[in-house]
Structure formats: C-alpha cells, structure tokens
J.: 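I have a structure here, written as structure tokens, and I will follow up with some questions on it.
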Amino acid sequence: YSMSEYALKNQKSFVLMTLVASYGIYKILYFLFAKIVMFIPAIRKIEEYKDISLFFSILASLQESGILLHNSIKFSCEIVSNKKMKTNLTNISTKIKKEGGTFYEELKVLNFEPEVCATIFYGEKSGKQNEAYRRIKDNFSGKMNNQIDIALEFINPITMVFTVGIMLTLYLGVNAPL
C-alpha cells in the first residue's frame, strides 16, 4: 500500500493514527522546550532575585509598621520559594527571638551575599534599616529585570522553534489524511 491508498481504505484508523502521532509530537516538543528553558541559568537567577527582592520589600513594610524584627522576618520568609533560604530565614527569626543579636550577624553566618550584609550592617548602625531593606529590594529588582532580558534573548528563538513544531504537527494532522 502507498500511504494515500491506506488512507482511502482505512479512513478512521488513519485519522486516529495521525491524531495520535500529532499529539505525541506535541508532547515531545513540549517536554524538550521545558527542559531547554530550565537549563538557562538566567531563569534560575530570576527566581532567586525575585525571592530576595520580595522578602526585603515585605520586611521593610513590616518594620515600618512597628512589628518586631524576628516576627517581620518570620512573616516575610513565607513568600520565599527556595526551601533552603526559607529554612535559614526561619532559623534566623527564631535565633533572634531567643538569643537576640542582629540580622546582619545572622546573615553573615549564613554567608549571604556580601553586598546585602554590608547594606544591612550600615542600615543597622545608622538606624535606617528600612532604607537599607528598600535599597536591597531595588538592587535585586534591577538584577531580576536584567536577568529577564537575558532569558528572553534565549527563549525567543526556542519559542519560535516550538511554535513551528506545533504548527507542523497540526499541518500533518490535517493534511495527511487527504
């Protein structure tokens, strides 16, 4: 049989076979696209910067409203999606509540980013913690936006290939039985 003879004699099975093949191609492309995107380091950095930015934004707002530091840290870390970071921040909150100390000292023990530690140190020493938290938030928001721009440079061509793959799958699914 040629493909067209088979299609004419077995229309229902051929259409079904074509649809199954089209769906299979779609799933393969979707899987590959998702895996390729996650290998882009910029995507992983975006999530990290988002967590830090949101954490310090909420922390600054809670501190301005008069909530104690350990409670502010505990409430703020609820938005963090990185489990290790969330656990570390919760432990810092507990340690500050039980033993006292400063947020700077606890972050330094965790080997948190030096620029963040330095900004918090100067904020604590000058009594302008909220300004320091907002400065950190702004810094990481800017870094996150830069990483989004970098990620889009890689994702746009991948998206085009993915879209062409889906269109080809649909084209085969519709025109193959004819």
Side-chain angles (χ1 to χ4, degrees), residues 23-65 67-96 102-124 126 128-170:
Y23 181 73
I25 292 170
Y26 163 76
K27 290 303 269 184
I28 289 169
L29 287 171
Y30 184 79
F31 177 77
L32 289 175
F33 180 72
K35 292 298 179 187
I36 289 171
V37 166
M38 290 315 293
F39 281 116
I40 299 172
I43 299 291
R44 287 178 276 177
K45 282 291 189 186
I46 290 169
E47 189 69 24
E48 178 185 337
Y49 292 157
K50 175 198 67 92
D51 281 346
I52 294 171
S53 177
L54 284 173
F55 172 78
F56 281 104
S57 175
I58 293 171
L59 184 64
S61 297
L62 291 173
Q63 285 284 277
E64 285 176 357
S65 65
I67 296 177
L68 296 173
L69 179 62
H70 66 275
N71 285 333
S72 298
I73 294 170
K74 184 172 76 173
F75 297 142
S76 299
C77 75
E78 290 301 319
I79 57 97
V80 175
S81 60
N82 182 324
K83 290 180 183 178
K84 182 179 177 186
M85 186 177 169
K86 187 179 220 166
T87 303
N88 289 339
L89 290 169
T90 304
N91 291 341
I92 287 174
S93 171
T94 305
K95 194 169 184 182
I96 289 174
T102 63
F103 191 36
Y104 161 74
E105 292 169 349
E106 299 303 325
L107 283 178
K108 194 163 182 167
V109 168
L110 291 175
N111 293 325
F112 212 76
E113 292 192 24
E115 65 186 58
V116 172
C117 290
T119 305
I120 291 174
F121 175 76
Y122 291 118
E124 287 178 349
S126 66
K128 298 180 180 180
Q129 294 166 316
N130 294 336
E131 288 180 27
Y133 299 151
R134 296 234 185 260
R135 201 172 314 124
I136 293 168
K137 180 204 71 99
D138 292 340
N139 184 21
F140 279 93
S141 292
K143 285 182 177 183
M144 182 179 67
N145 290 335
N146 290 338
Q147 290 298 319
I148 289 171
D149 292 341
I150 291 169
L152 287 177
E153 289 177 15
F154 289 106
I155 291 175
N156 283 338
I158 294 170
T159 305
M160 290 177 72
V161 169
F162 181 70
T163 304
V164 167
I166 290 175
M167 296 305 291
L168 181 63
T169 302
L170 291 172

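Fair warning: this is a prediction, and the values are worked out from it, not measured in the lab.
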J.: Would you please name every residue forming a side chain to side chain donor-acceptor pair (under 3.5 Å) with Y104, sequence neighbours left out?
T.: K108
J.: Do other residues, nucleotides or ligands put more than 12 heavy atoms under 6.0 Å from K50 NZ?
T.: yes
J.: Looking at every heavy atom in both E78 and K86, which two are closest together, and how far apart are they?
T.: O-NZ, 3.3 Å
J.: Taking only residues two or more places apart in sequence or in another chain, which ones pass side chain to side chain donor-acceptor pair (under 3.5 Å) with S53?
T.: S141
J.: Restricting to non-hydrogen atoms, name the atom on R134 and the atom on S57 that form the minimum distance, rounded to 0.1 Å.
T.: NH1-O, 3.9 Å
J.: Taking only residues two or more places apart in sequence, or in another chain, which ones meet F103 in a ring-ring contact (aromatic ring centres under 6.0 Å, His included)?
T.: none
J.: By ring-ring contact (aromatic ring centres under 6.0 Å, His included), which residues pair with F56, not counting sequence neighbours?
T.: Y133
J.: Mind checking what makes side chain to side chain contact (heavy atoms under 4.5 Å, CB included) contact with E115, not counting sequence neighbours?
T.: E113, N139, F140, K143
J.: State which residues pass side chain to side chain contact (heavy atoms under 4.5 Å, CB included) with E131; sequence neighbours excluded, sorted by chain then number.
T.: K128, R135
J.: Just verifying a value: how many Å separate I46 CD1 and N146 CG, rounded to the nearest 0.5 Å?
T.: 10.0 Å
J.: Out of curiosity, K137 NZ to I52 CD1, how far, rounded to the nearest 0.5 Å?
T.: 14.0 Å
J.: Is it the case that more than 12 heavy atoms not belonging to Y122 sit under 6.0 Å from its OH atom?
T.: no
J.: Please report the shortest heavy-atom distance between I136 and I120, naming the atom on each side.
T.: CD1-CG1, 3.6 Å
J.: Using the side chain to side chain contact (heavy atoms under 4.5 Å, CB included) criterion, which residues pair with L62? Sequence neighbours excluded.
T.: I58, I67, S72, F75, S76
J.: T94 side chain to T90 main-chain N or O, any donor-acceptor pair under 3.5 Å?
T.: yes
J.: Taking side chain to side chain contact (heavy atoms under 4.5 Å, CB included) as the test, write out the residues that go with N82, two or more places apart.
T.: D51, V80, K84, M85
J.: Taking side chain to side chain donor-acceptor pair (under 3.5 Å) as the test, write out the residues that go with T119, two or more places apart.
T.: none
J.: What residues form a salt bridge (charged side-chain N to carboxylate O under 4.0 Å, His left out) with E105, not counting sequence neighbours?
T.: none
J.: Per the salt bridge (Lys or Arg N to Asp or Glu O under 4.0 Å) rule, what does the pair list look like for residues 144-159, sequence neighbours excluded?
T.: none
J.: Do L110 and I92 have side chains that get closer than 4.5 Å, going by heavy atoms?
T.: yes
J.: Can you tell me how far CD of Q63 sits from CG of N130, rounded to the nearest 0.5 angstrom?
T.: 6.0 Å
J.: How many angstroms lie between atom CD of E106 and atom CG of L69, to the nearest 0.5 angstrom?
T.: 10.0 Å
J.: Rounded to the nearest 0.5 Å, what separates atom NZ in K95 from atom CG in N88?
T.: 11.5 Å
